[in-house]
Protein chains: 2
Amino acid sequence: MSKERGSATGAGRPRDPEIDRALLSATLELLDELGYTKLTLEEVARRAGTSRPAIYRRWPGRAPLVLDAIATRLDVPSPPDTGCTLCDLDESFNVFLAAYRTIRPEVLNALYLECEPDAELKARYLETVVEPSRRAVGRTLDRAIARGDLRTDADRDQLLDLIGALVHHRALFGGHLTDAEAQSAIETLLRGAAQDYQALLDHSLALEQEHQARHGAP
Amino acid sequence: MSKERGSATGAGRPRDPEIDRALLSATLELLDELGYTKLTLEEVARRAGTSRPAIYRRWPGRAPLVLDAIATRLDVPSPPDTGCTLCDLDESFNVFLAAYRTIRPEVLNALYLECEPDAELKARYLETVVEPSRRAVGRTLDRAIARGDLRTDADRDQLLDLIGALVHHRALFGGHLTDAEAQSAIETLLRGAAQDYQALLDHSLALEQEHQARHGAP
DNA sequence: CTTTTACGTTACGACTCGTAACGTAACAGA
DNA sequence: TCTGTTACGTTACGAGTCGTAACGTAAAAG
(Lines give C-alpha, C1' and ligand atoms only; values in the text may rest on other atoms or scores of the structure.)
Protein backbone atom coordinates (compact mmCIF):
# COMPACT_ATOMS: atom_id res chain seq x y z
CA MET A 1 0.00 0.00 0.00
CA SER A 2 2.38 2.70 -1.18
CA LYS A 3 1.53 6.37 -1.21
CA GLU A 4 -0.42 7.33 -4.28
CA ARG A 5 -0.66 11.08 -3.84
CA GLY A 6 1.83 11.73 -6.61
CA SER A 7 0.21 9.48 -9.17
CA ALA A 8 -3.28 10.66 -8.22
CA THR A 9 -2.99 13.97 -10.06
CA GLY A 10 -2.22 13.53 -13.74
CA ALA A 11 0.54 16.07 -13.62
CA GLY A 12 4.27 15.47 -13.36
CA ARG A 13 6.49 12.51 -14.09
CA PRO A 14 4.76 9.26 -13.12
CA ARG A 15 6.18 6.75 -10.66
CA ASP A 16 8.14 3.99 -12.27
CA PRO A 17 6.19 0.81 -11.37
CA GLU A 18 9.30 -1.21 -12.06
CA ILE A 19 10.93 0.42 -9.05
CA ASP A 20 8.00 -0.57 -6.87
CA ARG A 21 8.41 -4.18 -7.94
CA ALA A 22 12.17 -4.13 -7.53
CA LEU A 23 11.92 -2.66 -4.03
CA LEU A 24 9.33 -5.15 -2.80
CA SER A 25 11.29 -7.98 -4.31
CA ALA A 26 14.58 -6.84 -2.81
CA THR A 27 12.86 -6.45 0.55
CA LEU A 28 11.65 -10.04 0.51
CA GLU A 29 15.08 -11.30 -0.45
CA LEU A 30 16.78 -9.39 2.33
CA LEU A 31 14.17 -10.44 4.87
CA ASP A 32 15.03 -14.05 4.07
CA GLU A 33 18.76 -13.46 4.20
CA LEU A 34 19.11 -11.06 7.10
CA GLY A 35 15.82 -11.00 8.96
CA TYR A 36 14.00 -7.82 9.87
CA THR A 37 16.37 -6.47 12.48
CA LYS A 38 19.42 -6.37 10.24
CA LEU A 39 17.58 -5.15 7.18
CA THR A 40 18.59 -1.60 6.26
CA LEU A 41 16.83 0.59 3.73
CA GLU A 42 20.20 1.46 2.27
CA GLU A 43 20.74 -2.17 1.30
CA VAL A 44 17.20 -2.57 0.00
CA ALA A 45 17.72 0.40 -2.28
CA ARG A 46 21.10 -0.83 -3.40
CA ARG A 47 19.81 -4.25 -4.35
CA ALA A 48 16.81 -2.80 -6.12
CA GLY A 49 19.18 -0.66 -8.15
CA THR A 50 17.80 2.58 -6.83
CA SER A 51 18.27 5.00 -3.94
CA ARG A 52 17.03 5.53 -0.41
CA PRO A 53 14.97 8.63 -1.22
CA ALA A 54 13.08 6.55 -3.81
CA ILE A 55 11.89 4.34 -0.95
CA TYR A 56 10.78 7.27 1.18
CA ARG A 57 8.76 8.59 -1.75
CA ARG A 58 6.71 5.39 -1.59
CA TRP A 59 6.68 4.34 2.04
CA PRO A 60 7.13 6.39 5.20
CA GLY A 61 9.51 3.86 6.73
CA ARG A 62 10.73 0.31 7.08
CA ALA A 63 7.68 -1.20 8.73
CA PRO A 64 5.12 -0.20 6.08
CA LEU A 65 7.45 -1.35 3.33
CA VAL A 66 7.98 -4.76 4.89
CA LEU A 67 4.27 -5.05 5.62
CA ASP A 68 3.51 -4.61 1.93
CA ALA A 69 6.25 -7.01 1.00
CA ILE A 70 5.14 -9.91 3.15
CA ALA A 71 1.49 -9.30 2.28
CA THR A 72 2.32 -10.58 -1.18
CA ARG A 73 3.35 -13.86 0.39
CA LEU A 74 0.47 -14.27 2.79
CA ASP A 75 -2.20 -14.18 0.13
CA VAL A 76 -3.93 -17.44 0.63
CA PRO A 77 -6.90 -19.28 -0.90
CA SER A 78 -10.23 -19.83 0.85
CA PRO A 79 -10.73 -22.75 3.18
CA PRO A 80 -12.52 -25.89 1.90
CA ASP A 81 -16.03 -27.02 2.80
CA THR A 82 -16.36 -30.77 2.53
CA GLY A 83 -18.87 -31.23 5.33
CA CYS A 84 -16.24 -32.98 7.43
CA THR A 85 -15.51 -30.67 10.37
CA LEU A 86 -12.30 -32.34 11.37
CA CYS A 87 -10.94 -32.48 7.81
CA ASP A 88 -11.87 -28.88 7.03
CA LEU A 89 -10.28 -27.56 10.17
CA ASP A 90 -7.10 -29.47 9.50
CA GLU A 91 -7.02 -28.30 5.95
CA SER A 92 -7.84 -24.62 6.52
CA PHE A 93 -5.18 -24.68 9.13
CA ASN A 94 -2.47 -26.27 7.06
CA VAL A 95 -2.96 -23.67 4.37
CA PHE A 96 -1.85 -21.02 6.74
CA LEU A 97 0.95 -22.90 8.32
CA ALA A 98 2.31 -23.30 4.82
CA ALA A 99 2.11 -19.55 4.27
CA TYR A 100 3.56 -18.68 7.66
CA ARG A 101 6.44 -21.05 7.15
CA THR A 102 7.65 -18.98 4.21
CA ILE A 103 8.43 -16.14 6.60
CA ARG A 104 11.08 -16.12 9.28
CA PRO A 105 9.50 -16.04 12.74
CA GLU A 106 11.76 -13.20 13.80
CA VAL A 107 10.38 -11.06 11.00
CA LEU A 108 6.80 -11.25 12.23
CA ASN A 109 7.84 -10.56 15.78
CA ALA A 110 10.04 -7.60 14.96
CA LEU A 111 7.61 -6.19 12.47
CA TYR A 112 4.77 -6.25 14.95
CA LEU A 113 6.96 -4.60 17.51
CA GLU A 114 7.52 -1.67 15.19
CA CYS A 115 3.90 -1.47 14.05
CA GLU A 116 2.39 -1.64 17.49
CA PRO A 117 2.95 1.98 18.62
CA ASP A 118 1.17 3.36 15.55
CA ALA A 119 -2.56 2.67 15.61
CA GLU A 120 -3.02 2.55 11.86
CA LEU A 121 0.06 0.43 11.23
CA LYS A 122 -0.96 -1.95 13.97
CA ALA A 123 -4.40 -2.35 12.45
CA ARG A 124 -2.84 -3.08 9.08
CA TYR A 125 -0.51 -5.62 10.61
CA LEU A 126 -3.36 -7.43 12.28
CA GLU A 127 -5.45 -7.29 9.12
CA THR A 128 -2.58 -8.57 6.99
CA VAL A 129 -0.92 -11.14 9.20
CA VAL A 130 -3.23 -12.51 11.84
CA GLU A 131 -6.75 -11.90 10.61
CA PRO A 132 -6.60 -14.01 7.46
CA SER A 133 -5.90 -17.19 9.36
CA ARG A 134 -8.33 -16.27 12.07
CA ARG A 135 -11.07 -15.60 9.56
CA ALA A 136 -10.50 -18.76 7.57
CA VAL A 137 -10.43 -21.03 10.60
CA GLY A 138 -13.34 -19.05 12.01
CA ARG A 139 -15.44 -19.65 8.91
CA THR A 140 -14.78 -23.33 9.14
CA LEU A 141 -15.72 -23.24 12.80
CA ASP A 142 -18.94 -21.40 12.03
CA ARG A 143 -19.96 -24.03 9.53
CA ALA A 144 -19.29 -26.69 12.14
CA ILE A 145 -21.54 -24.82 14.55
CA ALA A 146 -24.24 -24.44 11.89
CA ARG A 147 -24.07 -28.18 11.29
CA GLY A 148 -24.54 -28.73 15.00
CA ASP A 149 -21.19 -30.43 15.36
CA LEU A 150 -20.14 -28.31 18.33
CA ARG A 151 -21.60 -28.06 21.81
CA THR A 152 -23.95 -25.13 22.09
CA ASP A 153 -21.93 -23.70 24.96
CA ALA A 154 -18.64 -23.92 23.06
CA ASP A 155 -16.90 -20.54 22.84
CA ARG A 156 -16.06 -19.93 19.21
CA ASP A 157 -13.68 -17.04 19.82
CA GLN A 158 -11.93 -18.82 22.60
CA LEU A 159 -11.26 -21.79 20.37
CA LEU A 160 -9.89 -19.42 17.77
CA ASP A 161 -7.66 -17.77 20.33
CA LEU A 162 -6.32 -21.07 21.56
CA ILE A 163 -5.52 -22.40 18.15
CA GLY A 164 -4.21 -19.13 16.74
CA ALA A 165 -2.10 -18.52 19.78
CA LEU A 166 -0.51 -21.93 19.47
CA VAL A 167 0.66 -21.21 15.95
CA HIS A 168 2.13 -17.86 16.82
CA HIS A 169 3.72 -19.10 20.00
CA ARG A 170 5.38 -22.06 18.43
CA ALA A 171 6.52 -19.96 15.51
CA LEU A 172 8.29 -17.67 17.95
CA PHE A 173 9.65 -20.02 20.57
CA GLY A 174 9.73 -23.58 19.40
CA GLY A 175 10.05 -23.59 15.67
CA HIS A 176 7.12 -23.75 13.31
CA LEU A 177 4.29 -26.13 14.04
CA THR A 178 4.23 -29.24 11.89
CA ASP A 179 1.01 -30.29 10.21
CA ALA A 180 0.83 -33.33 12.47
CA GLU A 181 1.16 -31.26 15.62
CA ALA A 182 -1.49 -28.85 14.42
CA GLN A 183 -3.86 -31.69 13.64
CA SER A 184 -3.28 -33.21 17.04
CA ALA A 185 -3.95 -29.90 18.77
CA ILE A 186 -7.18 -29.46 16.86
CA GLU A 187 -8.27 -32.92 17.93
CA THR A 188 -7.55 -32.09 21.56
CA LEU A 189 -9.65 -28.96 21.37
CA LEU A 190 -12.48 -30.58 19.50
CA ARG A 191 -12.61 -33.44 21.93
CA GLY A 192 -13.84 -30.94 24.47
CA ALA A 193 -15.84 -28.72 22.16
CA ALA A 194 -17.61 -31.28 20.01
CA GLN A 195 -21.18 -32.38 20.51
CA ASP A 196 -20.10 -35.92 19.63
CA TYR A 197 -16.37 -36.13 19.06
CA GLN A 198 -16.41 -39.82 18.20
CA ALA A 199 -18.86 -39.19 15.36
CA LEU A 200 -16.62 -36.47 13.91
CA LEU A 201 -13.64 -38.74 14.14
CA ASP A 202 -15.49 -41.62 12.50
CA HIS A 203 -16.63 -39.37 9.70
CA SER A 204 -13.10 -38.16 9.16
CA LEU A 205 -11.64 -41.64 9.16
CA ALA A 206 -14.29 -42.91 6.78
CA LEU A 207 -13.49 -40.17 4.29
CA GLU A 208 -9.82 -40.86 4.65
CA GLN A 209 -10.26 -44.57 3.89
CA GLU A 210 -12.47 -43.76 0.96
CA HIS A 211 -9.82 -41.41 -0.33
CA GLN A 212 -7.11 -44.00 0.03
CA ALA A 213 -9.22 -46.67 -1.67
CA ARG A 214 -9.70 -44.36 -4.62
CA HIS A 215 -6.15 -43.08 -4.93
CA GLY A 216 -3.98 -45.69 -3.14
CA ALA A 217 -1.93 -48.48 -4.76
CA PRO A 218 -4.18 -51.09 -6.41
CA MET B 1 23.48 -12.27 36.58
CA SER B 2 26.16 -9.63 36.31
CA LYS B 3 29.79 -10.40 35.53
CA GLU B 4 31.68 -11.43 38.63
CA ARG B 5 35.15 -11.80 37.24
CA GLY B 6 36.35 -8.63 38.89
CA SER B 7 35.03 -9.44 42.32
CA ALA B 8 36.18 -13.05 42.08
CA THR B 9 39.80 -12.27 42.85
CA GLY B 10 40.25 -10.51 46.16
CA ALA B 11 42.46 -7.83 44.66
CA GLY B 12 41.50 -4.35 43.56
CA ARG B 13 38.68 -2.03 44.44
CA PRO B 14 35.43 -3.96 44.89
CA ARG B 15 32.27 -3.29 42.90
CA ASP B 16 29.88 -0.97 44.61
CA PRO B 17 26.78 -3.10 45.20
CA GLU B 18 24.78 0.07 45.58
CA ILE B 19 25.41 0.79 41.90
CA ASP B 20 24.11 -2.64 40.96
CA ARG B 21 20.92 -1.96 42.84
CA ALA B 22 20.54 1.53 41.45
CA LEU B 23 21.04 0.29 37.88
CA LEU B 24 18.53 -2.54 38.14
CA SER B 25 16.05 -0.25 39.80
CA ALA B 26 16.47 2.49 37.20
CA THR B 27 16.09 -0.11 34.47
CA LEU B 28 12.75 -1.28 35.84
CA GLU B 29 11.51 2.27 36.15
CA LEU B 30 12.46 3.13 32.60
CA LEU B 31 10.98 -0.09 31.26
CA ASP B 32 7.67 0.93 32.76
CA GLU B 33 7.88 4.48 31.48
CA LEU B 34 9.38 4.00 28.04
CA GLY B 35 9.23 0.34 27.20
CA TYR B 36 12.18 -1.65 25.96
CA THR B 37 12.60 -0.10 22.56
CA LYS B 38 13.04 3.44 23.77
CA LEU B 39 15.17 2.55 26.75
CA THR B 40 18.74 3.79 26.32
CA LEU B 41 21.67 2.83 28.50
CA GLU B 42 22.61 6.47 28.68
CA GLU B 43 19.34 7.25 30.44
CA VAL B 44 19.61 4.23 32.73
CA ALA B 45 23.02 5.39 33.84
CA ARG B 46 21.87 8.96 34.30
CA ARG B 47 18.94 7.98 36.48
CA ALA B 48 21.05 5.59 38.52
CA GLY B 49 23.44 8.47 39.17
CA THR B 50 26.33 6.77 37.41
CA SER B 51 27.83 6.41 33.93
CA ARG B 52 27.48 4.23 30.87
CA PRO B 53 30.85 2.49 31.31
CA ALA B 54 29.70 1.40 34.78
CA ILE B 55 26.93 -0.57 33.10
CA TYR B 56 29.26 -2.20 30.62
CA ARG B 57 31.48 -3.33 33.49
CA ARG B 58 28.53 -5.35 34.78
CA TRP B 59 26.56 -6.40 31.72
CA PRO B 60 27.64 -6.86 28.12
CA GLY B 61 24.61 -5.00 26.78
CA ARG B 62 21.02 -3.94 27.13
CA ALA B 63 19.38 -7.35 26.85
CA PRO B 64 21.27 -9.06 29.70
CA LEU B 65 20.69 -6.06 31.94
CA VAL B 66 16.96 -6.02 31.30
CA LEU B 67 16.80 -9.78 31.71
CA ASP B 68 18.28 -9.47 35.18
CA ALA B 69 15.99 -6.58 35.98
CA ILE B 70 12.72 -8.29 35.13
CA ALA B 71 13.87 -11.53 36.71
CA THR B 72 13.49 -9.77 40.04
CA ARG B 73 9.83 -9.24 39.23
CA LEU B 74 9.03 -12.71 37.92
CA ASP B 75 10.07 -14.50 41.07
CA VAL B 76 6.97 -16.38 41.99
CA PRO B 77 5.90 -18.82 44.71
CA SER B 78 5.21 -22.53 44.15
CA PRO B 79 1.82 -23.73 42.96
CA PRO B 80 -0.67 -25.13 45.48
CA ASP B 81 -1.70 -28.76 45.89
CA THR B 82 -5.19 -29.04 47.28
CA GLY B 83 -6.14 -32.24 45.49
CA CYS B 84 -8.61 -30.34 43.35
CA THR B 85 -7.25 -30.45 39.80
CA LEU B 86 -9.39 -27.64 38.49
CA CYS B 87 -8.71 -25.35 41.45
CA ASP B 88 -4.99 -25.98 41.43
CA LEU B 89 -4.69 -25.30 37.73
CA ASP B 90 -6.62 -22.09 38.03
CA GLU B 91 -4.58 -21.00 40.98
CA SER B 92 -1.13 -21.91 39.63
CA PHE B 93 -2.10 -20.07 36.53
CA ASN B 94 -3.33 -16.93 38.16
CA VAL B 95 -0.11 -16.60 40.05
CA PHE B 96 1.72 -16.16 36.83
CA LEU B 97 -0.73 -13.93 35.15
CA ALA B 98 -0.32 -11.64 38.12
CA ALA B 99 3.45 -11.63 37.63
CA TYR B 100 3.26 -11.16 33.88
CA ARG B 101 0.86 -8.30 34.22
CA THR B 102 3.50 -6.27 36.03
CA ILE B 103 5.54 -6.14 32.82
CA ARG B 104 4.62 -4.36 29.62
CA PRO B 105 3.93 -6.85 26.83
CA GLU B 106 6.16 -4.94 24.45
CA VAL B 107 9.07 -5.46 26.80
CA LEU B 108 8.87 -9.23 26.67
CA ASN B 109 8.49 -9.23 22.92
CA ALA B 110 11.37 -6.87 22.27
CA LEU B 111 13.61 -8.50 24.81
CA TYR B 112 13.12 -11.92 23.30
CA LEU B 113 13.84 -10.52 19.90
CA GLU B 114 17.22 -9.32 21.07
CA CYS B 115 18.03 -12.46 23.04
CA GLU B 116 17.07 -14.89 20.31
CA PRO B 117 20.19 -14.63 18.11
CA ASP B 118 22.50 -15.47 21.01
CA ALA B 119 22.13 -19.08 22.14
CA GLU B 120 23.07 -18.46 25.75
CA LEU B 121 20.92 -15.36 26.10
CA LYS B 122 18.00 -17.12 24.53
CA ALA B 123 18.34 -19.99 26.95
CA ARG B 124 18.40 -17.56 29.84
CA TYR B 125 15.34 -15.77 28.54
CA LEU B 126 13.40 -19.00 28.27
CA GLU B 127 14.58 -20.11 31.69
CA THR B 128 13.67 -16.77 33.25
CA VAL B 129 10.46 -15.82 31.51
CA VAL B 130 8.64 -18.81 30.09
CA GLU B 131 9.88 -21.83 31.98
CA PRO B 132 8.71 -20.82 35.45
CA SER B 133 5.06 -20.74 34.41
CA ARG B 134 5.44 -23.81 32.30
CA ARG B 135 7.01 -25.72 35.15
CA ALA B 136 4.46 -24.65 37.71
CA VAL B 137 1.47 -25.49 35.56
CA GLY B 138 3.27 -28.65 34.47
CA ARG B 139 3.71 -29.81 38.04
CA THR B 140 0.04 -29.30 38.70
CA LEU B 141 -0.75 -31.22 35.55
CA ASP B 142 1.51 -34.07 36.59
CA ARG B 143 -0.26 -34.37 39.91
CA ALA B 144 -3.55 -34.51 38.06
CA ILE B 145 -2.19 -37.33 35.92
CA ALA B 146 -0.87 -39.15 38.99
CA ARG B 147 -4.32 -38.89 40.53
CA GLY B 148 -5.78 -40.41 37.38
CA ASP B 149 -7.81 -37.31 36.64
CA LEU B 150 -6.65 -37.10 33.02
CA ARG B 151 -7.19 -39.46 30.12
CA THR B 152 -4.23 -41.78 29.67
CA ASP B 153 -3.79 -40.61 26.10
CA ALA B 154 -3.82 -36.90 27.02
CA ASP B 155 -0.67 -35.13 25.83
CA ARG B 156 0.77 -33.29 28.80
CA ASP B 157 3.19 -31.16 26.80
CA GLN B 158 0.58 -30.27 24.25
CA LEU B 159 -1.75 -29.04 26.95
CA LEU B 160 1.10 -26.96 28.34
CA ASP B 161 1.80 -25.52 24.91
CA LEU B 162 -1.81 -24.62 24.34
CA ILE B 163 -2.26 -22.90 27.64
CA GLY B 164 1.14 -21.22 27.68
CA ALA B 165 0.74 -20.02 24.14
CA LEU B 166 -2.59 -18.44 24.95
CA VAL B 167 -1.09 -16.34 27.71
CA HIS B 168 1.77 -15.12 25.59
CA HIS B 169 -0.37 -14.49 22.57
CA ARG B 170 -2.94 -12.47 24.42
CA ALA B 171 -0.23 -10.54 26.20
CA LEU B 172 1.16 -9.50 22.84
CA PHE B 173 -1.91 -8.98 20.73
CA GLY B 174 -5.03 -8.62 22.76
CA GLY B 175 -4.09 -7.27 26.12
CA HIS B 176 -3.37 -9.43 29.11
CA LEU B 177 -5.59 -12.37 29.87
CA THR B 178 -7.98 -11.88 32.75
CA ASP B 179 -8.28 -14.51 35.45
CA ALA B 180 -11.77 -15.35 34.26
CA GLU B 181 -10.66 -15.90 30.68
CA ALA B 182 -7.81 -18.09 31.82
CA GLN B 183 -10.13 -20.17 33.95
CA SER B 184 -12.53 -20.59 31.08
CA ALA B 185 -9.75 -21.69 28.75
CA ILE B 186 -8.54 -24.25 31.24
CA GLU B 187 -12.03 -25.63 31.50
CA THR B 188 -12.28 -25.94 27.74
CA LEU B 189 -9.04 -27.86 27.59
CA LEU B 190 -9.84 -30.08 30.53
CA ARG B 191 -13.23 -30.94 29.13
CA GLY B 192 -11.36 -32.78 26.41
CA ALA B 193 -8.44 -34.03 28.45
CA ALA B 194 -10.16 -35.18 31.62
CA GLN B 195 -11.03 -38.75 32.42
CA ASP B 196 -14.28 -37.52 33.92
CA TYR B 197 -14.70 -33.78 33.53
CA GLN B 198 -17.99 -33.66 35.36
CA ALA B 199 -16.41 -35.21 38.43
CA LEU B 200 -13.64 -32.60 38.44
CA LEU B 201 -16.15 -29.84 38.08
CA ASP B 202 -18.30 -31.22 40.89
CA HIS B 203 -15.29 -31.51 43.13
CA SER B 204 -14.32 -27.94 42.38
CA LEU B 205 -17.80 -26.60 42.97
CA ALA B 206 -18.12 -28.53 46.21
CA LEU B 207 -14.91 -27.03 47.55
CA GLU B 208 -16.01 -23.61 46.48
CA GLN B 209 -19.31 -23.89 48.32
CA GLU B 210 -17.57 -25.24 51.37
CA HIS B 211 -15.21 -22.30 51.22
CA GLN B 212 -18.04 -19.82 50.92
CA ALA B 213 -19.95 -21.47 53.76
CA ARG B 214 -16.92 -21.08 55.98
CA HIS B 215 -15.97 -17.55 55.01
CA GLY B 216 -19.17 -16.04 53.59
CA ALA B 217 -21.51 -13.66 55.35
CA PRO B 218 -23.29 -15.35 58.29
C1' DC C 1 53.63 1.45 49.49
C1' DT C 2 52.69 -1.24 45.52
C1' DT C 3 49.35 -3.64 42.79
C1' DT C 4 44.94 -4.21 41.15
C1' DT C 5 40.50 -3.09 40.06
C1' DA C 6 36.29 0.16 40.07
C1' DC C 7 34.79 4.78 39.45
C1' DG C 8 33.37 9.05 36.69
C1' DT C 9 34.44 11.86 32.80
C1' DT C 10 35.17 12.66 28.15
C1' DA C 11 35.50 11.50 23.66
C1' DC C 12 35.97 8.72 19.66
C1' DG C 13 34.49 6.03 15.23
C1' DA C 14 30.74 3.48 13.35
C1' DC C 15 26.20 2.87 11.97
C1' DT C 16 21.52 4.05 10.62
C1' DC C 17 18.11 7.10 10.36
C1' DG C 18 15.01 10.75 8.06
C1' DT C 19 15.46 14.73 5.16
C1' DA C 20 17.12 18.36 2.22
C1' DA C 21 19.37 20.11 -1.90
C1' DC C 22 20.56 19.72 -6.45
C1' DG C 23 20.42 18.90 -11.60
C1' DT C 24 18.11 15.85 -14.82
C1' DA C 25 14.17 13.13 -16.84
C1' DA C 26 9.32 12.34 -18.00
C1' DC C 27 4.72 13.54 -18.29
C1' DA C 28 0.24 17.00 -18.81
C1' DG C 29 -1.76 21.00 -20.45
C1' DA C 30 -1.69 25.57 -22.72
C1' DT D 1 6.90 24.29 -28.24
C1' DC D 2 6.93 26.04 -23.80
C1' DT D 3 5.69 25.81 -18.79
C1' DG D 4 4.61 23.58 -14.59
C1' DT D 5 4.83 19.53 -11.91
C1' DT D 6 6.55 15.46 -10.17
C1' DA D 7 9.96 11.41 -10.09
C1' DC D 8 14.67 10.13 -10.45
C1' DG D 9 19.66 9.50 -8.74
C1' DT D 10 23.32 11.58 -6.21
C1' DT D 11 25.29 13.63 -2.38
C1' DA D 12 25.37 15.18 2.04
C1' DC D 13 23.76 16.74 6.40
C1' DG D 14 22.42 16.57 11.64
C1' DA D 15 20.81 13.60 15.08
C1' DG D 16 20.87 9.65 17.99
C1' DT D 17 22.80 5.48 19.83
C1' DC D 18 26.06 2.21 20.13
C1' DG D 19 30.40 -0.10 22.13
C1' DT D 20 34.96 1.12 23.60
C1' DA D 21 39.14 3.49 24.81
C1' DA D 22 41.76 6.81 27.53
C1' DC D 23 42.50 9.24 31.45
C1' DG D 24 43.11 10.56 36.48
C1' DT D 25 41.18 9.36 40.96
C1' DA D 26 39.40 6.19 44.70
C1' DA D 27 39.42 1.95 47.34
C1' DA D 28 40.63 -2.41 48.45
C1' DA D 29 44.59 -6.50 49.20
C1' DG D 30 49.18 -7.89 50.28
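Because the structure is predicted, anything quoted here is derived from the model rather than measured. Letters A, B, ... are given to chains in the order of the sequence lines, protein chains preceding strands, and every chain is numbered from 1.
For B:Arg13, taking side-chain heavy atoms from C-beta onward, the closest of the listed nucleotides D:dA7, C:dC7, C:dG18 is C:dC7.
B:Tyr56 places its OH atom 17 Å from the C1' atom of C:dC7, with the value rounded to the nearest Å. What separates CD1 of A:Ile19 from C1' of D:dA7 is a distance of 8 Å, to the nearest Å. Atom CG of B:Asp20 is separated from atom C1' of C:dC7 by 13 Å (rounded to the nearest Å). A straight line from CZ of A:Arg62 to C1' of C:dG18 spans 13 Å, rounded to a whole angstrom. The distance from atom CG of B:Asp16 to atom P of D:dA28 is 10 Å, rounded to the nearest whole Å. Residue B:Ile55 contributes atom CD1, which lies 13 Å from atom P of D:dT17 at whole-angstrom precision. The distance between atom CZ of A:Arg58 and atom C1' of D:dT6, rounded to the nearest whole Å, is 12 Å.
B:Arg57 has no side-chain polar atom (N or O) that falls below the 4.0 Å cut-off from OP1 or OP2 of C:dA6. Applying the 4.0 Å criterion to OP1 and OP2 of C:dA6, one finds that B:Arg15 has a side-chain N or O inside that range.
With 3.5 Å as the limit, one finds a donor-acceptor pair spanning the side chains of A:Asp149 and A:Thr85. B:Glu116 and B:Tyr125 form no side-chain donor-acceptor contact under 3.5 Å, judged by distance and modelled atom types alone.
The pair B:Asp32-B:Arg73 meets the salt-bridge criterion, since a charged nitrogen lies less than 4.0 angstrom from a carboxylate oxygen.
If you run salt bridge (charged side-chain N to carboxylate O under 4.0 Å, His left out) between A:Glu42 and each of A:Arg62, A:Arg47, A:Arg52, only A:Arg52 comes through.
Against DNA chain D, the stretch residues 30-53 of chain A makes heavy-atom approaches under 4.0 Å through A:Gly49, A:Thr50, A:Ser51, A:Arg52, A:Pro53.
Environment of CZ in B:Arg147: crowded, with over 12 heavy atoms of neighbouring residues, nucleotides or ligands closer than 6.0 Å. Counting non-hydrogen atoms of neighbouring residues, nucleotides and ligands closer than 6.0 angstrom, the CZ atom of A:Arg156 exceeds 12 such neighbours.
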